[in-house]
There are 2 protein chains.
Amino acid sequence: MRFSKTTEYAIRVMIYLSQHNTQRLSVQSLHKILRIPYKYLARLMRQLAHAGLVTVTQGKEGGYSLNRELNSIYLYQIVGVIEGLDSMDRCILGFSECNDAFPCSLHTSWEPLRSRIKEMMYNTTLLELQQQGEKI
Amino acid sequence: MRFSKTTEYAIRVMIYLSQHNTQRLSVQSLHKILRIPYKYLARLMRQLAHAGLVTVTQGKEGGYSLNRELNSIYLYQIVGVIEGLDSMDRCILGFSECNDAFPCSLHTSWEPLRSRIKEMMYNTTLLELQQQGEKI
DNA sequence: CATTATTACCACCTTTCGGTAGTAATATAA
DNA sequence: TTATATTACTACCGAAAGGTGGTAATAATG
Ligand code: SF4
Ligand code: SF4
């Protein structure tokens, strides 16, 4: 019952970037600060850039920074880039062909929790997280 | 944001067993009904037996059945056998050295949800699930 | 006792995830 | 223009999760 490690990394990076918004940060520095394996992080940053969540500047003095306003980057988008958005709609028992009309035994217990999680992800932006103050 | 596939299998089997309580079911039949890979399921059943959640009868006509009263088998125990119990206490960002006193940005949003999930797992027994009626 | 349906055990295979290494491209700065 | 600090790309490596196969042990049934 968890995010993939890569998703965790992505969230941490994005929160860090939001706390140092306007700055341009190299993979080197992010790697040192967040202690995420350098090469792996480098690839992750490219993914985030490709998905349009961060801006890249190449060459010396280059690096990454947030691409949009803090209040327009939602948690679900970050998760979506890595795990795909359907990961949050996924049935807890892994069934694909299922509907609320004919639910299994667990559904009653699980569905309310799942929709709360989803709701949170769809309502939380980096702005809220940034305002919670610094740590990571 | 999900259980491991193996955990899903385990929950499905346990729910099925609870809906056919008192019966003794072979891996063969469970495999056919639940469409879980035979050999993988066989190993899983041994794990569940080893953990004391089900009873084994060896030899011809043998198989598995629940080991205890429906209302004494909790969801968290099933998850615990496969993923370990700490999977539910785990920080959403994968940090190990963390406390509520100095939480990170996400904590405020995540902690309430996590504790609800945990609460559900610790309060739901197979009896409740079985009473929800049959399907799987 | 022989046959058969089952679980037990062990070794291996495949896929996915996390991580590493090296080299090319790019842009800044001296 | 050369050295340097960066990202881009690609291929590979290792560990863990998921899945398969073969054979031995066990017990019921004819
Ligand atoms: S009814 Fe059960 S199987 Fe279907 S989506 Fe809900 S939890 Fe999953
Ligand atoms: S404060 Fe943040 S890092 Fe710590 S347990 Fe909570 S979510 Fe995880």
Side-chain angles (χ1 to χ4, degrees), chain A residues 1-13 17 23-67 79 81-84 86-87 90 93-94, chain B residues 1-13 17 23-67 79 81-84 86-87 90 93-96:
Chain A
M1 180 52 74
R2 51 167 293 203
F3 286 127
S4 74
K5 211 166 185 178
T6 311
T7 304
E8 289 171 0
Y9 288 161
I11 296 174
R12 287 171 57 194
V13 169
L17 288 180
Q23 278 181 53
R24 188 190 295 155
L25 294 157
S26 71
V27 174
Q28 256 310 323
S29 54
L30 290 170
H31 152 66
K32 278 184 196 149
I33 295 161
L34 301 175
R35 288 191 214 82
I36 299 172
Y38 176 70
K39 284 289 192 174
Y40 198 63
L41 177 58
R43 186 197 287 168
L44 173 57
M45 292 314 293
R46 266 175 271 135
Q47 279 184 73
L48 293 174
H50 194 78
L53 294 181
V54 297
T55 306
V56 198
T57 314
Q58 280 202 10
K60 191 171 177 176
E61 303 279 280
Y64 296 88
S65 58
L66 292 183
N67 193 23
V79 176
V81 169
I82 313 297
E83 320 202 335
D86 32 332
S87 79
R90 200 164 180 287
L93 295 182
Chain B
M1 180 52 74
R2 50 167 295 205
F3 286 128
S4 75
K5 212 167 186 178
T6 310
T7 304
E8 289 171 0
Y9 289 162
I11 296 174
R12 287 172 56 193
V13 169
L17 288 180
Q23 280 180 53
R24 189 191 294 156
L25 294 157
S26 72
V27 174
Q28 254 310 323
S29 54
L30 290 170
H31 153 67
K32 279 183 195 148
I33 296 161
L34 301 174
R35 289 193 213 79
I36 299 171
Y38 177 69
K39 283 290 192 174
Y40 199 64
L41 178 57
R43 186 195 288 168
L44 173 57
M45 292 313 294
R46 266 175 272 136
Q47 279 183 74
L48 293 174
H50 194 77
L53 294 181
V54 296
T55 306
V56 198
T57 314
Q58 279 203 9
K60 191 171 177 176
E61 304 280 281
Y64 296 88
S65 57
L66 292 183
N67 193 24
V79 176
V81 169
I82 312 298
E83 320 203 335
D86 32 334
S87 80
R90 201 165 180 288
L93 295 183
F95 292 118
S96 45

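Sequence lines set the chain letters: A, B, ... in the order given, protein chains first and strands last, and positions in each chain run from 1.
When the C1' atom of dT29(D) is taken as reference, atom CD of Glu61(B) falls 8 Å away, rounded to whole Å. Protein atom NE2 of His31(B) is 12 Å distant from nucleotide atom P of dT7(C), rounded to whole Å. Spacing between atom CD of Glu83(A) and atom C1' of dC17(C) amounts to 12 Å, rounded to whole angstrom units. Rounded to whole Å, the distance from OH on Tyr40(B) to C1' on dT15(C) is 12 Å. When the C1' atom of dA5(C) is taken as reference, atom CZ of Arg24(B) falls 12 Å away, rounded to whole Å. Here dT6(D) presents its P atom at 9 Å from NZ of Lys32(A), a figure rounded to the nearest Å. For Leu30(B) and dA5(C), the CG to C1' distance is 15 Å, given to the nearest whole Å. If you take CD1 of Ile36(B) and P of dA17(D), they are 18 Å apart, rounded to a whole angstrom.
Within the 4.0 Å cut-off from OP1 or OP2 of dT6(C), not a single side-chain nitrogen or oxygen of Tyr64(B) is found. OP1 or OP2 of dG19(D) has at least one side-chain nitrogen or oxygen of Tyr9(B) nearer than 4.0 Å. Side-chain nitrogen and oxygen atoms of Thr6(A) include none within less than 4.0 Å of the OP1 or OP2 phosphate oxygen of dC17(C).
Partner of Met45(B) under the side chain to side chain contact (heavy atoms under 4.5 Å, CB included) criterion, out of Val56(B), Leu25(B), Leu30(B): Leu30(B) alone.
Checking Gly62(B) against Ser4(A), the closest nucleotide of DNA chain C that is more toward the 5' end is the one next to Gly62(B). Each of Arg46(B) and Arg2(B) was matched to the nucleotide of DNA chain D holding its nearest heavy atom; the match closer to the 5' end belongs to Arg2(B). Take the nearest nucleotide of DNA chain C for Thr7(A) and for Val56(B): the residue whose nucleotide is more 5' is Val56(B).
Each of dG18(D), dT7(D), dA29(C) was ranked by its minimum atom distance to the side chain of Ser26(A); first place goes to dT7(D). Side-chain proximity of Pro37(B) to the nucleotides dG19(D), dA8(D), dT20(C) is greatest for dG19(D). In the set dT29(D), dG21(D), dA27(C), dT29(D) carries the atom at the smallest distance from any side-chain atom of Lys60(B). Closest contact between the side chain of Lys39(B) and the listed nucleotides dT7(C), dG21(D), dG22(C) involves dG21(D).
The existence of a salt bridge linking Glu8(A) and Arg90(B) is confirmed by a sub-4.0 Å separation between a basic side-chain nitrogen and an acidic carboxylate oxygen.
The base of dT7(D) lies outside donor-acceptor range of the side chain of Arg43(A), with no N or O pair under 3.5 Å. In the interface, the side chain of Lys5(B) is not paired with the base of dG19(D) through any donor and acceptor atom under 3.5 Å apart.
Looking only at side-chain heavy atoms (C-beta outward), Phe3(B) and Ser87(B) stay at 4.5 Å or farther from each other.
Considering CZ of Arg24(A) and OG of Ser26(A), their distance stands at 11.0 Å, rounded to 0.5 Å. Atoms CG and CG, from Leu53(A) and Leu66(A) in turn, are 8.5 Å apart once rounded to the nearest 0.5 Å.
Base engagement by Tyr38(B) is indicated by at least one non-hydrogen atom pair under 4.0 Å involving a base atom.
For the pair Gln47(A) (side chain) and Ile82(A) (backbone), a donor-acceptor distance under 3.5 Å is absent.
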